[in-house]
2 protein chains.
Amino acid sequence: MSRTTIADVAREAGVTKATVSHALSGNRPTSEETRAKVLAAAEKLNWVPSQSARALATSRANTVAVVLARDPAVIANDSFFPAFIAGVESVLAETETGLLLQVVTDRAAEERAYRTLSHGRADGALLLDLRTDDWRVPFLDELGLPTVLVGAYDQPTDFSCVRTDDAAPVRELIAHLRAAGHQRIAHISGPLAYVHSRARADAYLAEVGTDELLREGDFTAASGRDLTEALLALPDRPTAILYSNDTMAIAGLSFARSQGLAIPRDLAISGFDDDHLSAHLSPALTSVSSDPAARGRAAARILRDVILGAQPRTEVVDSNVVHFRESTA
Amino acid sequence: MSRTTIADVAREAGVTKATVSHALSGNRPTSEETRAKVLAAAEKLNWVPSQSARALATSRANTVAVVLARDPAVIANDSFFPAFIAGVESVLAETETGLLLQVVTDRAAEERAYRTLSHGRADGALLLDLRTDDWRVPFLDELGLPTVLVGAYDQPTDFSCVRTDDAAPVRELIAHLRAAGHQRIAHISGPLAYVHSRARADAYLAEVGTDELLREGDFTAASGRDLTEALLALPDRPTAILYSNDTMAIAGLSFARSQGLAIPRDLAISGFDDDHLSAHLSPALTSVSSDPAARGRAAARILRDVILGAQPRTEVVDSNVVHFRESTA
DNA sequence: TTGAAAGCGCTAACAC
DNA sequence: GTGTTAGCGCTTTCAA
């Protein structure tokens, strides 16, 4: 830890701390001359203002947080998250705002984490993995921590949202499969407690009219495999399966092949989220790319504005694009 | 932001701020009775100590940082990073330490980021993607910021390291391929400026004895494809290719197939890093899993200890395991 | 246009 | 075992 403080810079420049502070922030008019002196002194001493001191004085941490209530192991297999974070960072970098990542494993820890955040550790938060009737939304509302919800939320809320239309690509996929002659189309969803899983499953149900071929997975390869096995064992088995992510789709595809089915001739398969490897598989996997980076950028921009005092707002990032590839050809 | 401060708690409990502070930290003996009063008051008021005030007073931020000097887009396609972060978090969570993620795009920003970190924003840093003769190592040394290098470093250093043996799996792969009769084994590396790419390429060279079939890629699918194309166009083309990551391997595999080659009959292929989808491809991709989460845990533990005053130390996480799958069968 | 001084909320000597 | 009192390094009134 370097010991250089604003006082050293002030001394070096022959002014007071206040002048240094203002010269750098531009918060009050400063003569060009002293400004130059201050900059030179700061440069010479390699001074960088202490974030903690600044945070205490301004009650702004220059940090936003993402709290993940997932098992750390699950994060590792998720193609959405890293791209999303990359998008967030690209906006935060503009203002030297840090991104605090906190992984919690139980509700008590999560509540405490949010409380700590709102007490000077962060200026705002991004909420992912929204669940139906999510307790975190009213909780954060009470804490008064600026927040942006990423993904649709099923209750009325005053918070900002970054939403996408998950129903449209599902409809598009089903229409495509029907045009190709498929009658029995199944869906393996993610956990239906998640709003986005629910939205996809609902779109499927609205289109297909029955939950006979709907199965609830948990986004893991294991569940993709097992549920595919169950569906294929049905007397009147589906000829196409829509999965709610690529991991489950690949696992399902592998299993189907191991049973001697040809893809897509005997079974058409589609994923969701468009993992970066999916286009390179053989057969290439049909999937829905959702441009997580764009959603990250939008969320970060909204949060930045809200922290600065703007009104909450909702943006629809309509970046969902169905990539039709060999697995449904 | 709630306005409750330690003073409110002290008043509520009928003691002074110091007592509250000590009762909670246990930094000095406190009678069971006052301790209970303090806890009750804190609980009642939902008080959480302000991180920024605490950070300023103790010059400890309770935060460690990872600075990524990569293009945000590259982060999105990396299977190592999220798993590594998950491992780091699992250790940090034990002590309510935050993880600050900072993505920078040029050297000036990176220097400034590290300077800011060492001035109260973080207590330590994790260094990834080490390059040959990396300028960051002496720089951080000068800043005096506790640091753990993740991956081998080619210069002598006083910093802690978490290393793995990347050479062994390369040797193992080559031995396996030779036993299967392969004579012309190629290697498509990552950028050789990275120490880990270099280590893999060196192991390859030591084993094969010539760089005739060594090509330097950049870990992207595009480079995997292009370099594979170039290798296959050779008069005496390789019959096996070792790639330095799975993304390049999959892209190469797809390209080879599109040229009518059967995998592994006409061309054996191996990746590196074992992406979670690789086992599910068809043919399943031979790869080297390196247990990034274990490396993250080790790095976080060492960093925590060093911050607390322990001597720097180096740990070898020998988690590299070659998974022989169909693509080299 | 600049200086002086108060204070952000906490911790840590130092007294008692 | 507990209270008193300085700061930590910055920002920001308030004067000059």
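For the numbers below, each heavy atom of this structure counts, side chains included, while hydrogens, waters and symmetry mates do not. The chains referred to below are lettered A, B, ... by the order of the sequence lines, with proteins before strands, and numbering in each begins at 1.
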Let me know the distance between NZ of B:Lys17 and C1' of C:dA13, rounded to the nearest Å.
14 Å

Without decimals, in angstroms, what is the distance between B:Arg54 CZ and D:dG7 P?
22 Å

Output yes when at least one side-chain N/O atom of B:Asn27 is less than 4.0 Å from OP1 or OP2 of C:dA12, else no.
yes

Strictly below 4.0 Å: does B:Thr19 bring a side-chain N or O up to OP1 or OP2 of D:dG3?
yes

Presence of salt bridge, B:Lys37 and B:Glu33, under 4.0 angstrom
no

In whole Å, I'd like the distance from the CG atom of A:Leu45 to the C1' atom of D:dG9.
15 Å

Tell me what B:Thr58 touches on the nucleic acid: a base, only sugar-phosphate, or nothing, going by heavy atoms under 4.0 Å.
sugar-phosphate

Look at the side chain of B:Arg121 and the base of D:dG9, then say whether one donor and one acceptor between them are separated by less than 3.5 Å.
no

So does A:Ser50 get a side-chain nitrogen or oxygen closer than 4.0 Å to the phosphate oxygens (OP1/OP2) of D:dG9?
no

Earlier contact from the 5' end, DNA chain D, for B:Ala57 and B:Pro29:
B:Pro29

Rounded to whole angstrom units, what separation is found between the CG atom of B:Asp8 and the C1' atom of C:dC10?
13 Å

B:Glu315/B:Arg313 ion pair, N-O < 4.0 Å:
yes

Give me the atom names and distance for the closest heavy-atom approach of B:Thr30 to B:Arg35.
CG2-N, 4.1 Å

Tell me whether the side-chain N/O atoms of B:Ser31 come closer than 4.0 Å to OP1 or OP2 in D:dT2.
yes

Please state whether the phosphate of D:dG1, meaning OP1 or OP2, lies under 4.0 angstrom from any side-chain nitrogen or oxygen of B:Thr34.
no

Whole-Å distance separating the CG atom of B:Leu24 from the P atom of D:dT2
14 Å

Verify, without hydrogens or angle tests, whether A:Ser21 (side chain) and A:Lys17 (backbone) share a donor-acceptor contact under 3.5 angstrom.
no

Taking for each residue the nucleotide of DNA chain D bearing the nearest heavy atom, is the 5' side occupied by B:Arg35 or by B:Leu56?
B:Arg35

If we check side chain to side chain contact (heavy atoms under 4.5 Å, CB included) with A:Leu92, which of these qualifies: A:Val64, A:Ile85, A:Asn62, A:Thr63?
A:Val64

Hey, does the side chain of A:Thr5 come within less than 4.0 Å of D:dG9's phosphate (OP1/OP2), counting only N and O?
no

From NZ of A:Lys37 across to P of C:dT2 the rounded distance in Å is 8 Å

What is the distance, rounded to the nearest whole Å, between atom NE2 of A:His22 and atom P of D:dT11?
8 Å

I need the CZ-P distance between B:Arg28 and C:dA15, as an integer number of Å.
14 Å

With DNA chain C as reference, determine whether A:Thr30 or A:Ala53 sits nearer its 5' end, using the nearest nucleotide of each.
A:Thr30

